[in-house]
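Inspection log for the structure reproduced underneath, given as structure tokens.
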Amino acid sequence: MPVRTTLPVTDYLRQFDEPAGYLDFARFGPVSAEVSQVLTRAAGRMHSGHGWDTLAELDAATLDAARSAADLLGARPEEIAFVGSTSHGLFAAAHALAGTAPGPGTAPGPAAGTVLVGRRDFPGALYPWLRAADHGGLAVRPVDGPVTADAVRAHLDGTVRAVSVCAVDAATGFRAPLAEIREVIGPDRVLVVDAVQALGAVDLDAGPADVLACGGQKWLRAGWGAALLLVRDRVADRLRPGLSGWSGVVDPIDAPHHPRPPRPGAVAHTLTNPDGPAVAALGAGLDLVRAVGPARVAALVADALDGLLDAARSAGAEAARPVGGSGIGRLRLPGADPRAVHRTLTDSGLATTLRGGWIRLSPHASTGPEAAARLAGALRSVPVA
């Protein structure tokens with residue numbers, strides 16, 4: 001079901017006030033005015049000592065944020081929980097799969113199964129599985145190159161119980177074909193998605209994902225401290241909470257004995273109560289995307305990136321558009337030291353990231369055309385051998 005939009009693009013863009021040359025949203029997104037106000041209000045309430053009233057307000061904001069996330073992801077609010085970071089959510093997924101039995105379509109293997117993970121995925125998406133494997137979790141089988149449906153198919157055998165994939169690759173902007181991967185692996189394997197470089201930048205169809213984690217500090221422009229964790233009901237019986245704490249069990253306070261059974265829904269995979277102000281801020285970020293529409297935000301991001309890459313080419317750079325479409329592009333200047341290029345861009349007031357010999361560009365909907373002009377001018381000033 002499409003998300004109903006209520007906010008004109010012009011009003012949405014008034015929420016932002018980052019410098020004109022800020023092109024590094026894949027690292028951190030300067031927060032919106034609404035998020036700033038939410039955090040300020042929460043700090044004020046905590047400072048003034050309103051006690052239980054403040055806690056009740058934050059609990060209500062958490063419920064609202066769960067509804068917003070569910071609306072964007074095509075889920076039920078009960079399938080949404082909040083954890084401290086994207087990595088935290090992925091660790092929860094990795095440990096939840098560690099102690100469960102293989103599904104009907106898989107056969108026992110090393111560590112009761114295998115997970116496919118992109119070898120060159122961002123380390124935050126890889127280490128949860130490596131650490132879980134160290135403690136008896138699923139064996140990790142790296143997939144070389146982009147994680148496509150064909151690449152996954154080539155690694156499938158009876159031991160594979162899960163595939164973990166970044167919806168958008170942080171280095172190249174490659175957008176994983178989630179629906180195609182879902183079709184290849186079938187219903188009996190679990191698809192885990194790191195969506196931190198996707199949600200808020202692309203019009204993401206999260207339907208194929210069984211588990212999805214996404215922090216608010218990048219494209220959602222909601223700051224650090226909270227991430228949403230989606231755990232579909234359809235895989236609840238295949239995920240035994242492995243990082244669950246007291247917040248994830250039934251009646252933890254007055255229980256006559258422990259351990260207690262897990263709570264229903266995604267909250268079963270939480271360690272403790274989330275950071276209330278951070279969740280409220282994440283909810284505000286999600287609401288802004290819902291209000292203007294994820295497809296409209298994605299179109300604005302794509303237009304901004306296209307303008308930057310065209311400007312880079314006009315200045316003699318090699319520019320790479322992301323495969324599948326995302327908010328991340330790359331450039332390099334033939335004959336120039338990439339570090340010198342990066343320094344020149346920084347000195348020209350352009351915030352970018354240098355990674356693997358390429359300059360990563362990651363604009364947002366609020367990036368104006370002056371950034372492209374500044375980029376072209378800076379590139380033309382770089383000495384070339």
Side-chain angles (χ1 to χ4, degrees), residues 2-3 23-27 29 72-74 86 90 116-126 142-156 163-185 191-215 218-220 230 289 293-310 312-313 318-332 352-353 355-356 358-365 367:
V3 177
L23 306 174
D24 212 8
F25 287 87
R27 175 170 287 182
L72 273 178
L73 299 174
T86 308
L90 296 175
L116 305 183
V117 184
R119 186 186 300 276
R120 300 191 65 82
D121 277 355
F122 188 77
L126 178 60
V143 176
D144 290 320
V147 183
T148 63
D150 287 342
V152 169
R153 184 183 291 107
H155 285 274
L156 283 184
V163 175
S164 179
V165 62
C166 293
V168 170
D169 180 69
T172 67
F174 169 78
R175 187 171 174 181
L178 300 182
E180 294 176 15
I181 293 172
R182 171 85 273 167
E183 184 176 357
V184 165
I185 68 175
L191 180 60
V192 180
V193 177
D194 176 343
V196 75
Q197 295 291 7
L199 196 59
V202 302
D203 191 9
L204 179 68
D205 176 10
D210 297 310
V211 180
L212 180 147
C214 180
K218 298 182 188 294
W219 303 94
L220 291 170
L230 164 69
V289 174
R296 294 163 82 186
V297 175
L300 292 169
V301 171
D303 286 346
L305 182 59
D306 284 345
L308 290 166
L309 296 176
D310 288 344
R313 287 196 183 92
E318 177 185 352
R321 281 184 167 82
V323 175
S326 73
I328 298 173
R330 300 183 297 162
L331 69 84
R332 59 186 176 188
T352 62
T353 289
R355 181 167 294 176
W358 289 80
I359 304 294
R360 185 180 70 184
L361 304 174
S362 51
H364 207 278
T367 302

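FYI, side chains are in, hydrogens and waters are out, and symmetry mates aren't considered; it's all heavy atoms of this structure.
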- Chi angles and distances behind the salt bridge (charged side-chain N to carboxylate O under 4.0 Å, His left out) call for Arg321, Asp306: CA-CA 8 Å; Arg321 281 184 167 82; Asp306 284 345; 3.1 Å; yes
- Query: Step by step, would you call Leu116 with Leu156 a side-chain contact (heavy atoms from CB on, under 4.5 Å)?
  - Reply: CA-CA 9 Å; Leu116 305 183; Leu156 283 184; 4.2 Å; yes
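- With contacts defined as side-chain heavy-atom distances shorter than 4.5 Å, the pair Val163/Val143 does not qualify.
- Considering every non-hydrogen atom in both Cys214 and Leu220, the closest pair reads SG-CD1, 4.1 Å.
- Arg296 and Asp203 are not joined by a salt bridge, as no carboxylate oxygen comes within less than 4.0 angstrom of a charged side-chain nitrogen.
- Across every non-hydrogen atom of Ala26 and Arg360, the tightest pair is CB-CZ, 3.5 Å.
- Contact check for Pro294 versus Leu72: side-chain heavy atoms found under the 4.5 Å cut-off.
- Taking CG from Leu230 and CG from Asp210, the interatomic distance works out to 8.5 Å, rounded to the nearest 0.5 Å.
- The main-chain N or O of Arg27 is found under 3.5 Å from a side-chain atom of Lys218 such that the two form a donor-acceptor pair.
- Taken to the nearest 0.5 Å, the CG atom of Leu90 stands 9.0 Å off from the CG atom of Leu212.
- Side-chain atoms of Thr172 never come within 3.5 Å of backbone atoms of Asp169 as a donor-acceptor pair (strictly under, hydrogens ignored).
- Side-chain atoms of Leu23 and Leu308, non-hydrogen and from C-beta on, do get closer than 4.5 Å to each other.
- Across all non-hydrogen atoms, the minimal contact from Gly324 to Arg175 is O-CD, 3.5 Å.
- In terms of modelled atom types and a separation under 3.5 Å, the side chain of Thr86 and the main chain of Ala213 share no donor-acceptor contact.
- The distance from atom OG of Ser326 to atom CG of Leu305, rounded to the nearest 0.5 Å, is 7.0 Å.
- The shortest non-hydrogen separation linking Ile181 to Ala176 is CD1-CB, 4.5 Å.
- Partner Trp219 forms a side-chain contact (heavy atoms from CB on, under 4.5 Å) with one of Val168, Val289, Val301 and no other, that one being Val301.
- Nearest heavy-atom pair, Arg330 versus Leu309, reported as atom, atom and distance to 0.1 Å: O-CD2, 3.8 Å.
- Counting heavy atoms from C-beta outward, Ile328 and Gln197 have side chains that approach closer than 4.5 Å.
- Across every non-hydrogen atom of Ala125 and Asp194, the tightest pair is CB-OD2, 3.8 Å.
- Phe25 places a side-chain heavy atom less than 4.5 Å from the side chain of Thr367.
- Between Val193 and Val165, some side-chain heavy-atom pair lies under the 4.5 Å cut-off.
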- Task: Evaluate the side-chain contact (heavy atoms from CB on, under 4.5 Å) criterion for residues Leu191 and Ile185: first the C-alpha distance (whole Å), next the side-chain angles of each, then the deciding distance (0.1 Å), finally the verdict.
- Result: CA-CA 8 Å; Leu191 180 60; Ile185 68 175; 3.9 Å; yes
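- The shortest distance between side-chain heavy atoms of Val297 and His364 falls below 4.5 Å.
- Surrounding CD of Glu318 are more than 12 heavy atoms belonging to other residues, nucleotides or ligands, all under 6.0 Å away.
- Among residues two or more places apart in sequence or in another chain, the salt bridge (charged side-chain N to carboxylate O under 4.0 Å, His left out) test is passed with Arg120 by none.
- Residues Leu204 and Leu178 form a side-chain contact, since some pair of their non-hydrogen atoms from C-beta on lies under 4.5 Å apart.
- Side-chain atoms of Thr352 and Asp24 include no donor-acceptor pair closer than 3.5 Å.
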